[in-house]
**Student:** 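Let me give you the structure first, and then I'll get to my questions.
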Amino acid sequence: ISTHSVSGVSSSSKYFQTSRRVYKGLKDFGREFIDQELFNQSLDDWILENYGVDQVTGEQPFLKPPFLTDELRKLDLALEGVFFQQLFRMPCSPLASKSVKEDGYHALEDFLHVIVNGLWRTFWRKSGPLPFSLCCFHHPGSKFYAVEKAISRGRLEELRGLALISKNGNNLKVHWNQVVELVLFRQNILSGNELKLSVSTICEALFYGVHILISRCLSKSRTISDDSVFIMVFDSKFGAVIKLGGDLSKLELNTGDPYQSVAHWIKCHAEVLLSSVETIWNRLGNANWGDLGTLQVLLAAFYSIVQCNGPPRKSISSLASAHSLRLQKRRIECRLAENENAKIPYQQDGYQHGEIVELDHSDNPLVKNTSHLKLRQGEILLLEDQQQGQKSFQIQESFIGGNYFLYGAISLDYPTQLLTLYVGAHPSRLEPSWEDMSLWYQVQRQTKVLNILKHQGVSSKYLPEVIASGRILHPGPCKKQTPSVRCDHPWCGTPILVTLPVGEPLSYIVARDGPFSSDDALRCCRDCLVALRSAATASVQHGDISPENIIRVFNMQGTRHKVLYIPVSWGRAVLEDRDSPAINLQFSSSHALQHGKLCPASDAESLVYLLFFVTGGRMHPQDSIESALQWREKSWATRSIQQHLGEVSPLLKAFSDYVDSLCGTPYPVDYDIWVKRLNRAVDGSGSADRDWKMWPSLQGPLEVVLNFHFMLEDRSSKETFCFVFPLL
């Protein structure tokens, strides 16, 4: 912060060097300086002369604003993307009745807390305890109370405002020298019908400001700079900032009238800066974040924290400088949106529907500028498959799924079967764009994973099947010299993957139809476990189990299994130790979030979170890996997941208990036991008349560990229990 800035804090505070005699004199002076009315009388005329524009001469006020416009503009840019939300609304009516005043104090406290917390997390520390608290006060030198405590004691009418207090270790007693900034809350701060502060408001702010400066000078610790203080004044609609600064060593202590002495010091030696009066809260009681009034309050709070805690880790200038990068990103997004909305002329009028047409693209700006291939219903796509040759597909419908382009299509050779068609990104675009890297996972790597499963003989109706994969044959002449290279056409070499089957993702189904029933949840669990078991035989883990990556398919070929739940999007599958799974704050396993790797039970753990979600379990949005891990730890510790799933099905509760015992361990999931048990629950196969059932299993190398587990079901209570015994 610049030492010559009007609003900045000097690098070396002008501490009042007090001897024992001067210390006692200043302390006695502070005790005598208690009558605000006498102080107002000493300063009224001076404020009237220096505040406001002269109506006759038109001269600007002597009392200048505390902040430059450039400072406020820079803070506005620095706080782009920082979320401020006031939950308590400021009452719109004047603070006349007791209940309205209570609501006003709650709203003001919430408003200040949001500001201080947002500034501290943005500029100083993102985590850890907040080193400040908010307390209310009655008069200079009074004790500080929490707002709720003051209201409960019936002292609401005596309150003058709130103070931001710097916490002093474990010492619960608060002193006035710990005040970082002061906030006065009045019924009305305006001067009649003019949009400027009343003289009494300014006098009261300066009265408290002098007391704070004296308290800081008398403090032995002097943790806060004592050369200036910010005082904010509010009513239920407007607000302003006042800054008082100066060298208290020039204050005359031996005069008989302390009020005249302070008034003389303010007029001759102090610096008084007043901001404009601005609207802080709108008619609904919401703060006008980003407007001039709140920016003035934010900047005053920022400088006050600097006085107390020193310079921030991130400066306003450094954060504001990132505005140009955000602006450039927004421009790129707008260009991409324009390109995506542009129509690509695959067909021209005069050609029959479904006919493959060769177009001259040399003068087509859409072809040159479009970064992604976007297809429309009815268009024909020609695919070059290295194993099957050229194949033609007709687009039937399109879906935007996450960051990849997904279509429903039919093969012209077998037009009765609807297929899933993924369109990837051009290989030349993979490096600069994370979005296109996501396309690479969905197309190229998913093709690799599904082909590995196919070549190792893994086949299941619960797994997607590759119908065709290759590169698109673009319209117009192709100038590539050999099949392995690409021409300069923007679509040349764009990868395509065609799979079977087509279905609706669970996220869409839950949003449309609501939570799953017990039967649907059991069937979903069984089908996913069968798919994971099949993949595990080839040492493949899915790595991205989530509601978006499980589809529901209606199987019309049989009568018993009319509905199938199939895991798709195998592009983030883990084939070897160096592979990293996808990170999903809501559905990834704890081991994946902590280590970026999967443990043998990670897919099963993600499946438990998915079942919790589709059956109506409440999952709060997570904003960081730390909060996601805390939610998991708390949910497993309190057994809230098991309890919720137990209300859906005792078997799902037992399965979640089993998964909980394996999370983070090297033991693999025994899919066979659970598939067998779920088959019995879903299809009714097997005997269900025994009072108790037990399924033992040995896991792991015998010379290292034996992991014996069995399940017991009580027919009378319908409870299912899972026991795991590691035998060393």
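Here, residue 1 is the first one in the sequence, and each next residue gets the next number.
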**Student:** Mark yes when over 12 heavy atoms from residues, nucleotides or ligands other than R578 sit less than 6.0 Å from its CZ; otherwise mark no.
**Tutor:**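 Atom CZ in R578 is not crowded, with 12 or fewer foreign heavy atoms closer than 6.0 Å.
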
**Student:** Quick one: side-chain hydrogen bond (donor to acceptor under 3.5 Å, both in side chains) partners of S518, sequence neighbours excluded?
**Tutor:**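 Testing S518 for side-chain hydrogen bond (donor to acceptor under 3.5 Å, both in side chains), a comparison that skips the adjacent residues, returns none.
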
**Student:** Spell out, as yes or no, whether a donor-acceptor pair under 3.5 Å connects the side chain of E647 to the backbone of Q642.
**Tutor:**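 No; zero donor-acceptor contacts below 3.5 Å.
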
**Student:** So, the side chain of H595 versus the backbone of H591: is there a donor-acceptor pair under 3.5 Å, distance only?
**Tutor:**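 Checking the backbone N and O of H591 against the side chain of H595, no donor-acceptor pair under 3.5 Å is found.
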
**Student:** The test is side-chain contact (heavy atoms from CB on, under 4.5 Å); show your working for L532 and Y462 and say whether it passes.
**Tutor:** CA-CA 9 Å; L532 297 176; Y462 300 104; over 6 Å; no

**Student:** Would R526 count as a cation-pi partner of Y565, with NZ or CZ less than 6.0 Å from the six-membered ring centre and within 45° of the ring normal?
**Tutor:**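 No, R526 does not sit over the ring of Y565.
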
**Student:** Check whether N549 reaches the backbone of I545 with its side chain - one donor and one acceptor, N or O, closer than 3.5 Å.
**Tutor:**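 Such a contact is absent between N549 side chain and I545 backbone.
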
**Student:** Supply the atom-to-atom distance S635 OG to D660 CG, rounded to the nearest 0.5 angstrom.
**Tutor:**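 S635 OG to D660 CG: 11.0 Å, rounded to 0.5 Å.
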
**Student:** Do any N or O atoms from the side chain of D519 and from the backbone of V682 form a donor-acceptor pair under 3.5 angstrom?
**Tutor:**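 A pair under 3.5 Å: no.
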
**Student:** Taking C-beta and beyond as the side chain, do L607 and D603 meet within less than 4.5 Å on heavy atoms?
**Tutor:**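 L607 does not reach D603 side chain to side chain.
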
**Student:** Please identify which of these residues, V423, L421, L383, V443, meets the side chain to side chain contact (heavy atoms under 4.5 Å, CB included) condition with L497.
**Tutor:**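 Filter result, single survivor: V443.
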
**Student:** About how many Å separate CD of E384 and OG of S469, when rounded to the nearest 0.5 Å?
**Tutor:**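 Between atom OG of S469 and atom CD of E384 there are 11.5 Å.
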
**Student:** Looking only at heavy atoms, which two atoms of R618 and H620 are closest? And how far apart?
**Tutor:**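 Taking every non-hydrogen atom into account, NE-CE1, 3.4 Å.
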
**Student:** State whether the side chain of R632 and the backbone N or O of Q586 hold a donor-acceptor pair below 3.5 Å, judged by distance alone.
**Tutor:**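 Flag set: sc R632 to bb Q586 pair under 3.5 Å.
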
**Student:** Would you say the side chains of Q394 and Q396 form a donor-acceptor pair under 3.5 Å?
**Tutor:**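 Present: a donor and an acceptor within the cut-off.
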
**Student:** Check the orientation of H542 and W570. Use parallel for under 30°, tilted for 30 to 60°, and perpendicular for over 60°.
**Tutor:**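 If you compare the ring of H542 with that of W570, the planes turn out perpendicular.
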
**Student:** Name the residue from S656, S590, S588 that meets the side chain to side chain donor-acceptor pair (under 3.5 Å) definition with E605.
**Tutor:**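 Exactly one option meets the side chain to side chain donor-acceptor pair (under 3.5 Å) with E605, and it is S590.
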
**Student:** Give the minimum heavy-atom separation between A536 and Y671, together with the two atoms involved.
**Tutor:**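 Looks like CB-CE1, 4.2 Å.
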
**Student:** Of all the heavy-atom pairs spanning L662 and P668, show the shortest one and how long it is.
**Tutor:**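 Scanning both residues, the minimum pair turns out to be CD1-O, 4.0 Å.
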
**Student:** Side chains of I380 and F393, heavy atoms from C-beta outward: is any pair under 4.5 Å?
**Tutor:**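 No; the side chains remain at least 4.5 Å from each other.
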
**Student:** Is there a side-chain contact between L381 and S392, using heavy atoms and a 4.5 Å cut-off?
**Tutor:**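 A side-chain contact is absent here, since even the closest heavy-atom pair is not under 4.5 Å.
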
**Student:** Any Lys/Arg nitrogen of D672 or R533 sitting under 4.0 Å from an Asp/Glu carboxylate oxygen of the other?
**Tutor:**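 Yes.
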
**Student:** Residues two or more places apart in sequence or in another chain: which of them pass side-chain hydrogen bond (donor to acceptor under 3.5 Å, both in side chains) with D579?
**Tutor:**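 For D579 the side-chain hydrogen bond (donor to acceptor under 3.5 Å, both in side chains) partners, ignoring immediate neighbours, are R445.
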
**Student:** Please check if the side chain of K597 supplies one atom and the backbone of S580 the other of a donor-acceptor pair under 3.5 Å.
**Tutor:**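 Not at all, since once roles are kept as given, no pair shorter than 3.5 Å links the two residues.
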
**Student:** Checking the side chain of S640 only, and the main-chain atoms of W636 only, is there a donor and an acceptor separated by less than 3.5 Å?
**Tutor:**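 Here the side-chain-to-backbone pair does not exist.
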
**Student:** So, for S606 and S589, which heavy atoms are closest and what is the spacing to 0.1 Å?
**Tutor:**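 S606 and S589 have their closest heavy atoms at OG-N, 3.6 Å.
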
**Student:** Can you tell me how far OH of Y422 sits from CD of Q442, rounded to the nearest 0.5 angstrom?
**Tutor:**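 Going from CD on Q442 over to OH on Y422, the span is 6.0 Å.
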
**Student:** Hey, which of L651, L678, L610, V608 is the one that makes side chain to side chain contact (heavy atoms under 4.5 Å, CB included) with C525?
**Tutor:**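 Exactly one candidate clears the test, L678.
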
**Student:** Can you say whether the rings of F613 and F587 are parallel (under 30°), tilted (30 to 60°) or perpendicular (over 60°)?
**Tutor:**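 Rings of F613 and F587: perpendicular, over 60°.
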
**Student:** Kindly write out the residues that satisfy side-chain hydrogen bond (donor to acceptor under 3.5 Å, both in side chains) with E465, not counting sequence neighbours, or none if the list is empty.
**Tutor:**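 Here no residue qualifies.
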
**Student:** Show the numbers, then the answer: is there a side-chain contact (heavy atoms from CB on, under 4.5 Å) between C524 and L506?
**Tutor:** CA-CA 10 Å; C524 177; L506 299 192; 3.9 Å; yes

**Student:** Would I550 and I566 count as a side-chain contact (heavy atoms from CB on, under 4.5 Å) here? Give the steps.
**Tutor:** CA-CA 6 Å; I550 308 294; I566 300 177; over 6 Å; no

**Student:** Would you kindly say whether S517 and D520 are connected by a side-chain donor-acceptor distance under 3.5 Å?
**Tutor:**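 Side-chain D/A pair, S517 to D520: present.
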
**Student:** Return the CG to CZ distance between L382 and R471, rounded to the nearest 0.5 Å.
**Tutor:**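 Between L382 CG and R471 CZ, I get 15.0 Å after rounding to 0.5 Å.
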
**Student:** Would you indicate whether the side-chain heavy atoms of V574 and V540 approach each other to under 4.5 Å?
**Tutor:**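 No, too far: nothing below the 4.5 Å cut-off.
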
**Student:** Considering residues, nucleotides and ligands other than E576, do more than 12 of their heavy atoms fall under 6.0 Å from its CD?
**Tutor:**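 Buried by this count: over 12 neighbours within 6.0 Å.
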
**Student:** What do you reckon, is CD of E633 surrounded by more than 12 foreign heavy atoms closer than 6.0 Å?
**Tutor:**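 Incorrect, the count does not exceed 12.
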
**Student:** Could you tell me whether D513 atom CG has more than 12 heavy atoms of other residues or ligands within 6.0 Å of it?
**Tutor:**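 Buried by this count: over 12 neighbours within 6.0 Å.
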
**Student:** Counting neighbours of CD on E626 that are heavy atoms of other residues, nucleotides or ligands and sit closer than 6.0 Å, is the number greater than 12?
**Tutor:**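 No, CD of E626 has 12 or fewer neighbouring heavy atoms, counting only those of other groups under 6.0 Å.
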
**Student:** Counting N and O atoms only, with roles assigned by atom type, does the side chain of Q388 sit under 3.5 Å from a partner on the main chain of I467, one being a donor and the other an acceptor?
**Tutor:**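 Yes; judged by distance alone, with no hydrogens or angles, the pair exists.
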
**Student:** Is there side-chain contact between Y407 and L419, with at least one heavy-atom pair below 4.5 Å?
**Tutor:**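 Counting from C-beta outward, Y407 and L419 never come under 4.5 Å.
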
**Student:** For side-chain contact (heavy atoms from CB on, under 4.5 Å), just list the numbers for V553 and V502, CA-CA rounded to whole Å, side-chain angles, deciding distance to a tenth of an Å, and then say yes or no.
**Tutor:** CA-CA 7 Å; V553 179; V502 175; over 6 Å; no

**Student:** Which value, rounded to the nearest 0.5 Å, describes the distance between F612 atom CZ and H644 atom NE2?
**Tutor:**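 Going from the CZ atom of F612 to the NE2 atom of H644 covers 5.5 Å.
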
**Student:** Between R552 and E504 (salt bridge meaning N to carboxylate O under 4.0 Å), is one present in this structure?
**Tutor:**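 Answer for the salt bridge query: yes.
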
**Student:** Which distance, rounded to the nearest 0.5 Å, do you find between the CG of L463 and the CG of L500?
**Tutor:**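 Reported to 0.5 Å precision, the distance equals 12.0 Å.
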
**Student:** Mind checking whether V498 and V466 have side chains closer than 4.5 Å, heavy atoms only?
**Tutor:**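 The answer is no; the side chains never approach within 4.5 Å.
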
**Student:** Just checking, is any N or O donor in the side chain of E548 or S546 under 3.5 Å from an acceptor N or O on the other one?
**Tutor:**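 Looking only at side-chain atoms, S546 and E548 do form a donor-acceptor pair, the distance falling under 3.5 Å.
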
**Student:** Does P501 offer a backbone N or O that forms a donor-acceptor pair with the side chain of T420 under 3.5 Å?
**Tutor:**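 Between the backbone of P501 and the side chain of T420 there is a qualifying donor-acceptor contact (under 3.5 Å).
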
**Student:** Taking all atoms of both residues into account, what is the closest heavy-atom pair of L575 and I452, and its distance?
**Tutor:**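 Smallest heavy-atom distance, with atoms named: CD1-CD1, 3.6 Å.
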
**Student:** Please name the pair of heavy atoms, one in A573 and one in V449, separated by the smallest distance, quoted to 0.1 Å.
**Tutor:**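 Result for this residue pair: CB-CG1, 3.9 Å.
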
